[in-house]
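The first residue in the sequence is number 1, and the count goes up from there. Counting convention: from 1, in listed order, for ligands and their atoms alike.
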Amino acid sequence: MSEAVSLMAAGEVGVITIDHPPVNATSAAVRQGLLRCLEELEQDARLVAGVIACAGRTFVAGADIREFGRPPEPPRLDELLSRIEQSGKPLVAALHGTALGGGLELALACHARVADPGARLGLPEVKLGLIPGAGGTQRLPRLVGLERAIDMILSGEPVTAAEAVATGLVDQIAEQELVTAAANLAVTLARAGSWRRTGALPVEPGDAARVDALAARLLRRSRGQHAPERALEALRAAVILPVAEGLQRERRLFEESRADPQSAALRHLFFAERSTGRTEGKAVVIERVAVLGAGTMGSGIAIALVDAGIEVALIDSDPASLERGEARIRDHYQGLVDRGRLVPAQHHARLAQLSASSDLQQAATADLIIEAVFEDPTVKRELFARLDAIASSSAWLATNTSYLDVDAIAAATARPERVLGLHFFSPANIMKLVEVVRARATSADALATGVALARKLGKIPVLVGNATGFVGNSMLQAYGRENQLLLLEGATPWQVDAALESWGMAMGPNAVLDLAGLDIGYRARRARSDLPDDPRFFRVADALVEQGRLGRKSGCGNYLYAPDGSRQPDPKVITLIEAEASRLGVARRSIDDAEIVERCVLALVNEGARLLETGVAGAAADIDVIWANGYGFPRFRGGPMWYAAQCGLGEVVAAIQRLAEIHGPLYWTPAPLLMRMAQSGEALFS
Ligand code: 3HC
Ligand code: NAI
């Protein structure tokens, strides 16, 4: 078996190469190999210096995340890196691909860094609920100053090679072959007889007021999360403590974050997001797509496709809507040019990929047709029936419907096996989630093609079954229902929103309804025959619409909106809710935040379990990925099903049963799957 790390002499330089696919993570074998090669390099009198480089697609992309849940194996990465920093021969890191986390920390412990022009460097540990644990919080500020280090570590965002050179993080961008460039620099350092040890440098503390303001802004953005707070504490220690003590402080804080349930939740999502959308089928490469409907969704989907290099024919039967949709897309790209995010040549190329028409015939050459017209079953079925005569026989047909039956839509064509759902979320060029819907006849190849396309767009595809609202919106209905009942029973829209936002939801449900437009749900509910026979069901939202309060777009909904878009509570909404409650005979009482969170979140969990049992959701992890990426569920809680597993399924069932005693069984009958698992001790996650 080939070694994960090897040493080869290139003249007087020892090149240490890490070859540990897929991403050269510092697993135990890599740490052991690095230590062995370092000792060999130091002992070999012919070698005056060393290079640390990687084979494959990337420099080390971090510590091995799978090892965090297991007992540690020696040597520890932080100790190994201190050993590298103290080496008697200069070592240069040769960086390509993504030098992340423990990978960048390895580079920081070397005595100089050379980067490929396309390299990206970052410390993304906070995204896994961790802090850099192998010197990153102590060495990075010594190279780039405290302010930049706070920015990189608290945001977790990578920088480009050019940015890294400008800030002093990297010494050179390789103008020749990377390892040769690094070897040349290593020899120069050896000849000079002196090289910098990062840990020996002073920290540039920067302007205190600016640093504090930056830290406060980044902490606000990661509200509820422990890791950024811990990372900041470690970074501040770099300024006031000698490096050895700073490293010890970092280690303690790293261990605390590793043991924190928030990190387990975030690591769960990291792997869950990479496990969704696995299919048996064979994906076909999509080069040309026709998007039908140039409204909110059609124009967003078109942007996502164009950005991925795909040719798009945007088609809308209404010329005025087509013009508006096209203008939205042009404005989007112009905005990117204005902000310096797109150069004129790229701008031109993007627009050249797009054509717009009112003629459905323009879909004839498409490999895939994505329908995003009105949410009306008759309109959609008629359109699909027409597509049969127009679309190429090898074309795939997808619908972006939110709630409609994909089987019924597929049945309008003579090729139901080529029909699938591709449920994008709004705004479609930004939101990562795509539910890939499997209808009864959908072929495995159709699903694989939808999954591959979504990944090409940089999205996270999750396979779901064909049920009203699929997985995400079915659960949203249960969550929204509890929100609405809480309003009738005595909570205010702003209390519900504040309670759920401080629990971690990106936005409270009432603010979300206002943003989406209350009329959309109102119309959708009227078109459905499967809703509970309960006059309280979404009654507050409906009453708001009946009073012309449609949400942000009409200046008022659950809230009152100022022209700048800021929201404020509106006493008229309370009057409206009180009138509805009294008409329906609902007694109002004071409701605390804990009840709001419990009812809304347990409604999600119970519905999620039902969808899992019926196979509409393929795995508990899929549900978590959907809610974390489509609905603003706090990532640090891992998703609703992970949260339920952490609470304990026995506790969850008992809580649902308590709610059933108070509110009746209509909404609070525990899902049979939860009951069974709670009784048998079977786990939601293996
Ligand atoms: N540990 C273990 N496995 C990893 C890994 C890691 N650090 N990074 C990626 N992988 C695995 C993925 O799970 C995936 O496995 P699979 O094929 O079985 O699903 C495979 O490598 C490829 O990963 P991606 O599908 O994500 O490939 P991409 O090319 O899209 O992205 C990447 C590559 C940018 C490196 C991305 O994987 C990534 O961001 N990885 C995580 C980086 C990170 O968070 N590093 C910090 C780790 S914590 C740390 O270093 C602590 C230290 O301070 C002590
Ligand atoms: P929209 O009303 O903004 O746009 C629909 C467009 O389709 C209009 O421009 C209309 O002129 C056009 N159209 C209608 N019939 C047509 C036909 N026969 N042929 C060609 N064009 C036709 O609607 P929106 O919001 O973009 O929704 C589109 C679809 O996406 C719906 O099925 C909706 O349920 C779904 N969806 C909407 C989301 C949202 O947040 N708006 C989120 C996810 C899915």
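The shortest heavy-atom distance from F424 to ligand 2 is under 4.0 Å. The closest approach between any non-hydrogen atom of R278 and ligand 1 is below 4.0 Å. Under the 4.0 angstrom criterion for non-hydrogen atoms, P22 is in contact with ligand 1.
With a 4.0 Å heavy-atom cut-off, ligand 2 is reached by the side chain of K380 but not by its N, CA, C or O. Heavy atoms from both the backbone and the side chain of D316 come within less than 4.0 Å of ligand 2.
Annotation for ligand 2: atoms under 4.0 Å from non-hydrogen atoms of S402 are 33 (C), 34 (O), 35 (C), 36 (N), 37 (C), 43 (C), 44 (C). When each atom of ligand 2 is checked for a heavy atom of T401 under 4.0 Å away, the hits are 32 (O). With ligand atoms numbered from 1 in the order given, ligand 2 contributes 9 (O), 11 (O) to contacts under 4.0 Å with heavy atoms of S321.
Nearest protein heavy-atom contact of atom 2 (C) of ligand 1 is D64 OD1, 3.3 Å. Of the protein's non-hydrogen atoms, R274 NE, 3.8 Å is the one closest to atom 25 (O) of ligand 1. Protein heavy atom nearest atom 44 (O) of ligand 1, with residue, atom name and distance: L128 CD1, 3.4 Å. At the shortest separation from atom 32 (C) of ligand 1 among protein heavy atoms lies T98 OG1, 4.5 Å. Among all non-hydrogen protein atoms, the one lying nearest atom 39 (O) of ligand 1 is L100 CD1, 3.9 Å. The protein heavy-atom contact nearest to atom 46 (C) of ligand 1 is G101 CA, 3.8 Å. Closest protein heavy atom to atom 5 (C) of ligand 1: V23 CG2, 3.7 Å. Scanning the protein for heavy atoms near atom 30 (O) of ligand 1, the closest one is R57 NH2, 4.5 Å.
Nearest residue to atom 45 (N) of ligand 1 from A61, G136, P158 is A61 (criterion: closest heavy atom). For atom 31 (C) of ligand 2, the choice among V373, L292, N400, L360 with the nearest heavy atom turns out to be V373.
Taking only nitrogen or oxygen atoms, main chain and side chain alike, E375 reaches within less than 3.5 Å of ligand 2. Ligand 2 has no N or O atom lying under 3.5 Å from any N or O atom of L383, backbone or side chain.
Taking a distance limit of 4.0 Å, we find that atom 17 (O) of ligand 1 is approached by no protein heavy atom. For atom 53 (O) of ligand 1, the protein comes within 4.0 Å by at least one heavy atom.
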